[in-house]
Amino acid sequence: MILIIPAKNNPILPSMIIKKDIESIVNWFEQHQRSFYALGWSYLRNQHNIEELFYRAILKVQKELPRFTSSTSFEIWVLTIFIHIWRELSLDKSLQASEESDPHQELFNALYQLKEKEREVLVLTYIKGLSKEETAQLLQVPAEQVKELLFSGIQSLRKGMGYGEHYHGCIEYQGLYVDYLERKLERLAKIDFEMHIYHCSDCQEDLAAFQEVILNFTDTIEKFSVPAGFMENVKERIVERESRIQQKKNKRKRIGLIAAGIFALVMCAGIFTGAFSKLYYTWTEEDLELLAFLQEDVGKGLNLEAESEGVKIKIKSAIADDIQTLIFYEIEDTNENNQYMMNIDDGVFIENEREIMVTNTYPRYFPPDIESDLNNKEKNIYHGKMSLRPLKGDKGTIKLKINKVMELMRNTSDPYMNLEPVTGEWNFEIPVTKQPSTEYALNEKIELEGVPVRLDKLILAPTATILQYAINNEQSEKRIDIINFNNLDINNKIVKADLYGNSYVHEQPDMNWNNFQAYFEPLFEKETKEVKVHFGSVYLSIEDHKTIKLDDSREYPQTFEYAGSTISIDKVEIGQPTTVIFSNHEIKNRAYESLHFNIVTEEEGNNSMDIDYEGVIVDKNGKEYDMNGITPIIFEEIEQPRHFFTVQIIKIHGNKVIPENLDITGYSTTKYLDDVVRISLD
């Protein structure tokens, strides 16, 4: 028996990468090229395509390297990047169409036919030698699911490699195959398993064939070799790119600002009167949101500029506090009438982020604001803002590097999902001073829809007003998953809730309470004696069990009653895959919006399911909108929207899997509120 022992990864940065230059990263990939090439081949099956994969991965690792922390191994971190890029390339139909033969054709052809998750689990386990825990972390799935995917993947691989389908091991023991072959079964379970195997010839044959596939897999990978000259081709592309970058740097224009002498004199005079700054910014700043910050003296105008590839970026101001660092910018297309925005997750990099910023926080998301009057004023200029992590200290200089901006596509149904990248090189050094915040302990306990809720803290910060709260999770019959707020009333001023500003707090000191924070508009107030909290809605999960027997021999559709509604089972069809469809198109007065359910099969645990749905969004007045066709802009304008699923389509993968029951465990629903809580502050 061959045991597959996961390789131990060095938890710190490899010594050869300490220099953090492109050459050391290329050398590291060259040392690990065999296993990474095999990974790439399992998806792309073409040397040219894998060269592209290596090239992009090396550049991405170089860009992201300053973000690497020792909380994970370097190789796992690189694998995360590698997997993301191979997924992108595998979706390119032009790449998929170009395949080359290889001496291991049978294995990789069978591997290529597997479901994506099965394939990923197999190649990470048996090519990279990762443990189930590491694989689970990398693919962001539970460790138990990794074991299930290993089993189903090997079973599928066995069929694809011509082993046939005549193996009929006992279902209750098949789930133990992986742990048994890796010698990870507990002693009593191992004894029971071996006693059963001894007396069951079906399981003996099934296990032997299962093990043979693993041995064949590992033996094939051991013999796998990288084509001669592969890394040399990648190195040549890297060298050419570095040469082009250096040429662009040599041509970069120096940036300067010129102020009129007479205007400077007027400005100096205004400083002594204490009234000039508000008037000055009123003259010079068109962005009303930024103008409010500047007039309250919580930030300064910067006007830093850089230009590349005909695109000019101007950093107008940076506003920092304990919550975040806001960057206000303007992007101008100097050649054509295009508008561009920055995406913090793609093409934007803070070179000294670990040194000056609090890294255990997450930047906030701001969608593109293409409907504002300012962004409709000129076709080639876009005004935007971007959230970065807060500063560690009171002051700092942010070294901002941008190598990509996103073109906004106005003529599409959903501009949020149609962003075209444009590459270039824009570098800034942004001076920032952190502004103080004020915190108030609330210690207020209430109930919403019968569920205990705790209002813990109010934070008045220059960039946002924040309410920290907690939801009790001890009762399972009814749970609040999300609370949405309308606004806060502070010092007789109304601050509206941020539609995108409800977030989970990762530090959870009490396991009986889930902690959250809600963002509201900035108030520029430092003190208050009272706050009124106006609640908007809660999203509830209701526990309500019901089991419905499924039988493909019966005539469908058939109906059953649940939560005051009549639900129709429209179809149960055994096949490859097996399909189950149920629906409820009656929306009026329906208690539930979506169901929590599971399809129980004769082979429970061994089959994956794809779930698709149809649905509608219904507003306060009963008007319906197509759930799949609505854009975020329209959704924001709908009054009291509720999402109703009308059709659920479940496809169960496997060889004519027979569904036995539809198990409904409960449902979700939205309740709109008019509750107001007044809290006095000391």
Side-chain angles (χ1 to χ4, degrees), residues 364-367 369 371-372 413-417 446-453 455 464-467 469 471 478-490 493-504 514 516-521 531-542 544 562-565 567 583-596 613-648 666-678:
R364 295 182 60 203
Y365 168 70
F366 296 117
D369 184 11
E371 298 301 315
S372 69
S413 60
D414 187 357
Y416 297 83
M417 301 300 293
I446 60 172
E447 281 195 359
L448 296 176
E449 295 295 312
V451 178
V453 173
L455 304 177
T465 305
I466 295 179
L467 178 66
Y469 64 97
I471 303 172
K478 180 190 284 188
R479 302 188 314 276
I480 294 179
D481 296 321
I482 299 172
I483 298 176
N484 293 311
F485 299 86
N486 281 337
N487 54 64
L488 299 178
D489 185 345
I490 302 174
K493 297 178 181 178
I494 299 297
V495 287
K496 295 180 181 179
D498 185 340
L499 182 64
Y500 303 95
N502 219 327
S503 62
Y504 185 77
N514 295 328
F516 301 86
Q517 58 185 16
Y519 283 78
F520 299 79
E521 295 173 323
V531 58
K532 294 178 186 177
V533 182
H534 294 252
F535 291 89
S537 65
V538 291
Y539 191 66
L540 298 166
S541 287
I542 310 297
D544 185 6
Y562 180 78
S565 294
I567 300 175
S583 63
N584 178 10
H585 295 274
E586 182 58 44
I587 303 302
K588 188 175 181 180
N589 299 323
R590 199 171 94 179
Y592 72 90
E593 294 174 18
S594 62
L595 296 175
H596 308 160
Y613 63 85
E614 298 173 10
V616 295
I617 295 175
V618 180
D619 68 11
K620 180 181 180 180
N621 300 314
K623 183 179 179 180
E624 296 184 8
Y625 304 80
D626 181 6
M627 184 184 293
N628 297 320
I630 195 169
T631 68
I633 294 173
I634 296 175
F635 179 77
E636 292 174 17
E637 298 173 353
I638 298 176
E639 186 177 6
Q640 296 189 358
R642 297 181 67 191
H643 304 67
F644 288 94
F645 286 18
T646 55
V647 180
Q648 295 277 179
Y667 60 88
S668 294
T669 189
T670 302
K671 296 288 186 182
Y672 282 90
L673 310 172
D674 55 8
D675 299 58
V676 179
V677 175
R678 176 182 296 183

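Atom set for the values below is all heavy atoms of this structure, side chains included, hydrogens, waters and symmetry mates excluded. Every value quoted in this text rests on a predicted model; they were computed, and no experiment measured them.
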Query raised in the report: Given the rule in the side-chain contact (heavy atoms from CB on, under 4.5 Å) test, do Asn484 and Leu673 qualify, once you have shown the distances and angles that lead to the verdict?
Result: CA-CA 9 Å; Asn484 293 311; Leu673 310 172; over 6 Å; no
Can you measure from [atom1] ([X]) to [atom2] ([Y]) and round to the nearest 0.5 angstrom?
X	Y	atom1	atom2	answer
Ile483	Glu449	CD1	CD	11.0 Å
Tyr592	Ile567	OH	CD1	3.5 Å
Ser537	Lys671	OG	NZ	12.0 Å
Tyr365	Asp498	OH	CG	11.5 Å
Glu447	Ile480	CD	CD1	9.5 Å
Asn486	Phe535	CG	CZ	10.5 Å

Close side-chain approach of [X] and [Y], heavy atoms under 4.5 Å:
X	Y	value
Val676	Asp489	no
Val533	Leu488	yes
Tyr672	Pro641	yes
Asp619	Tyr625	yes

Query - Partner of Thr670 under side chain to side chain donor-acceptor pair (under 3.5 Å), chosen from Gln640, Glu593, Arg642 - result: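 The single option meeting the side chain to side chain donor-acceptor pair (under 3.5 Å) with Thr670 is Glu593.
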Requested in this report: Report the residues that fulfil side chain to side chain contact (heavy atoms under 4.5 Å, CB included) with Ile542, sequence neighbours left out, ordered by chain and then residue number.
Outcome: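 Result, side chain to side chain contact (heavy atoms under 4.5 Å, CB included) vs Ile542: Lys478, Leu540, Tyr667.
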Side-chain donor or acceptor of [X] paired with backbone N/O of [Y] under 3.5 Å:
X	Y	value
Thr646	Glu614	yes
Arg479	Asp481	no
Asn487	Val495	no

Query raised in the report: How would you list, by chain and number, every residue that makes a ring pair (Phe, Tyr, Trp, His ring centres under 6.0 Å) with Phe520, sequence neighbours excluded?
Result: Phe485
Query raised in the report: Do Asn584 and Tyr562 get their side chains close enough for a donor-acceptor pair, meaning under 3.5 Å?
Result: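 Short answer, no.
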Query raised in the report: Phe644 ring centre to Arg590 NZ or CZ under 6.0 Å, with the angle to the axis within 45°?
Result: no
Query raised in the report: If every non-hydrogen atom of Ala464 is compared with every non-hydrogen atom of Arg364, which pair is closest and at what distance?
Result: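 Closest approach of Ala464 to Arg364: CB-NH1, 4.2 Å.
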Query raised in the report: What closest approach, in Å, do Ala591 and Thr669 show between heavy atoms, and which atom pair accounts for it?
Result: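 Distance-wise, the nearest heavy atoms are O-OG1, 3.0 Å.
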